[in-house]
Every structure is written in structure tokens, then in C-alpha cells.
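Before any comments, here is the structure.
Computed from a predicted structure; not experimentally measured. Counting from 1, the numbers follow the sequence of the chain as shown.
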Amino acid sequence: MKIIAAVGKNGTGKDFFLERIRDTYGIPMVSIGDIARELAAGDGLELTRENLHRTSQKYMGQFGQTFFPERIAKKIRESGAPVYLISGIRPPSDVQFFKEQFGGAFLLVDIVVSDDAVRYARMLARGSARDGGSAEKLREFDAAEEAKFRTSESEAMADLVIRNDGGAEDFYAAIEEFYQKYVAGA
């Protein structure tokens, strides 16, 4: 079994990295965000970044820090899939939980973009309303995620780093290289 997750700041391409592997190789993927969105919708909330953060905090406060990872681990085990992708990891407790649950089968990848202006341009290009409307908003989102989830600590726990500073073809090549080395060749 191999469990692959990605961390990184907003707009680095961490979800694209996982989605590309999912779509190219047919590997199942589950998102912590999907669970948070289902819960927020069930609570009658609009699916904004702020409401999703509040929902995450609410359920972790009620059921413990490992509420979301426990649901994910159960889903992975029940699937029987030899490789599984996890999107939406934020706090270090998520990383610790998955490392404890899956040991060496869990591989955490930090996706990094060195230039905030590049991240912001990519976020604008994806056209998601939840991304905000300015580079200043991007920095606010970064600060909020750090304060709520200590994301820099999670990034520091990564097993490897993939830089996404070039163009799309460069990133596609890096994803293919990763897949061949860590999934197909494992």
C-alpha cells in the first residue's frame, strides 16, 4: 500500500499534483476538504473559505483533532486500493496521524512556488471565488491558515519537495518523474 498526500500554500499546485496523478493513472483520491464541505453544507453554511475553516474547527473541537484523518484512514482501508491519494492535509496532527496509521507507506510531498506573485496569478487563472481578489488577500489567507493550522510545520514534515516555479510542462514532467520513481517503481 502507498498513501500519497501533498501540502503547500494556496496556489502552489498541490491539488493539481494529486488530481493529475488521479486522472492520469486512475488512482483513487479523497479530500479532507470534501468532508468539510459536506459538513458545512449540512450545517446550512455557504461554502466559503472562512466557513470551511470554521466547520473544520467546530468538528475537530467536538470530536478531536483527528476527526477528519480518522474518516479518511477508514475510507482508505475499506477501499483495498494499493495506492491512495489524500488532499487537504493542513495541521501537523494530520501528518502525524497518517504517519502513525500507515508508517512508511505514507509519503508527504510539499509543493512549493517561490514567488507569491506567481501563486496569485495562478489562483486568479483558476477562477475560484474562494481565492479572494488581491495579492493582499492571498497573504491574509496564508496568515490565517498558518494561525489556524500551523501549515509551515506540516510542510517541514514533508518527505520530499517538488518546486512548481516553471511552466505547466515543467510541472507535468515533475509529476511524471515523481510517479515513476515513487509509485510505479515502488
Side-chain angles (χ1 to χ4, degrees), residues 1-37 49 52 68-69 72-73 75-77 79-92 94-99 101-131 135 138 141-142 145-146 149 151-186:
M1 175 181 277
K2 178 73 75 178
I3 311 300
I4 301 164
V7 292
K9 291 182 178 179
N10 291 311
T12 59
K14 61 189 175 295
D15 289 332
F16 183 85
F17 167 79
L18 295 169
E19 290 164 359
R20 176 86 175 181
I21 294 170
R22 177 196 66 199
D23 296 345
T24 303
Y25 302 103
I27 296 173
M29 182 168 94
V30 63
S31 167
I32 289 175
D34 290 343
I35 295 170
R37 280 185 280 283
R49 185 178 302 272
L52 293 175
F68 291 100
I72 298 289
K75 184 174 226 161
I76 290 169
R77 286 193 176 94
S79 78
V83 181
Y84 218 98
L85 307 170
I86 303 172
S87 173
I89 288 181
R90 293 286 191 272
D94 287 358
V95 178
Q96 291 166 340
F97 178 86
F98 289 120
K99 285 184 182 264
Q101 291 292 307
F102 298 111
F106 179 72
L107 181 64
L108 183 64
V109 181
D110 184 16
I111 308 295
V112 175
V113 173
S114 302
D115 186 347
D116 285 347
V118 171
R119 282 195 307 129
Y120 179 63
R122 289 178 181 169
M123 290 172 73
L124 284 179
R126 72 183 181 191
S128 176
R130 67 187 178 103
D131 288 332
L138 172 65
F141 288 153
D142 289 345
E145 289 223 337
E146 182 62 32
F149 300 115
T151 51
S152 63
E153 291 177 40
S154 297
E155 289 182 74
M157 297 169 78
D159 299 297
L160 65 126
V161 174
I162 295 178
R163 297 211 169 271
N164 185 12
D165 289 324
E169 292 303 318
D170 296 324
F171 197 39
Y172 296 154
I175 294 168
E176 177 63 23
E177 181 181 331
F178 167 86
Y179 178 82
Q180 293 303 324
K181 185 173 182 178
Y182 294 100
V183 182

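Of the possible polar contacts, none joining the Glu145 side chain to the Lys9 backbone as a donor-acceptor pair under 3.5 Å is found. For the pair Ser154 (side chain) and Arg90 (backbone), a donor-acceptor distance under 3.5 Å is present. Judged by distance alone, the side chain of Asn164 and the main-chain N or O of Phe171 form no donor-acceptor pair under 3.5 Å.
Closest of all the heavy-atom pairs between Tyr84 and Ser79 is CE1-OG, 3.3 Å. Annotation for Ala73 and Phe97: closest pair CB-CE2, 3.9 Å, computed over non-hydrogen atoms. Across Ile27 and Leu85, no two heavy atoms sit closer than the pair CG2-CG, 3.7 Å. Contact detail for Ile4 and Leu18: the closest heavy-atom pair is O-CD2, 4.0 Å. Considering every non-hydrogen atom in both Ile111 and Ala6, the closest pair reads CG1-CB, 4.3 Å.
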Take Phe178 and Leu160 through the side-chain contact (heavy atoms from CB on, under 4.5 Å) test and state the conclusion after the steps. CA-CA 10 Å; Phe178 167 86; Leu160 65 126; 4.2 Å; yes
Could you walk me through whether Val183 and Tyr25 pass the side-chain contact (heavy atoms from CB on, under 4.5 Å) test, one step at a time? CA-CA 10 Å; Val183 182; Tyr25 302 103; over 6 Å; no
Going through the distances and angles, do Ile35 and Ile72 end up as a side-chain contact (heavy atoms from CB on, under 4.5 Å)? CA-CA 9 Å; Ile35 295 170; Ile72 298 289; 3.6 Å; yes
side-chain contact (heavy atoms from CB on, under 4.5 Å) for Met1 and Ile76? Distances and angles first, verdict last. CA-CA 10 Å; Met1 175 181 277; Ile76 290 169; 4.2 Å; yes
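Taking 4.5 Å as the limit, every side-chain heavy atom of Val7 sits out of range of all side-chain heavy atoms of Phe149. Two residues are said to be in side-chain contact when any heavy atoms from C-beta on lie closer than 4.5 Å; Met157 and Ile89 fail this criterion. Within the 4.5 Å cutoff, the side chain of Lys99 has heavy atoms near those of the Asp159 side chain. The closest side-chain heavy-atom distance from Ser31 to Arg37 is below 4.5 Å.
Considering CG of Asn10 and CZ of Phe141, their distance stands at 7.5 Å, rounded to 0.5 Å. Here the straight-line distance linking atom CD of Glu176 with atom OG1 of Thr24 works out to 7.5 Å at 0.5 Å rounding. Residue Ile86 holds its CD1 atom at 9.0 Å from CG of Asp94, rounded to the nearest 0.5 Å. From Met123, atom CE reaches atom CG of Asp116 across 10.0 Å, with rounding to the nearest 0.5 Å. Separating the CG atom in Asp110 from the OG1 atom in Thr151 is a distance of 9.5 Å, to the nearest 0.5 Å. The distance from the OH atom of Tyr179 to the CZ atom of Phe17 is 12.0 Å, given to the nearest 0.5 Å.
The aromatic rings of Phe98 and Phe106 lie parallel to each other, with less than 30° between the two planes, well short of the 60° mark.
Residues satisfying the side chain to side chain contact (heavy atoms under 4.5 Å, CB included) test with Pro82, not counting sequence neighbours, are none.
Residue-environment remark: CD (Glu153) exceeds the threshold of 12 foreign heavy atoms within 6.0 Å.
For Lys75 and Asp34, the salt-bridge test fails: no basic side-chain N is under 4.0 Å from an acidic carboxylate O.
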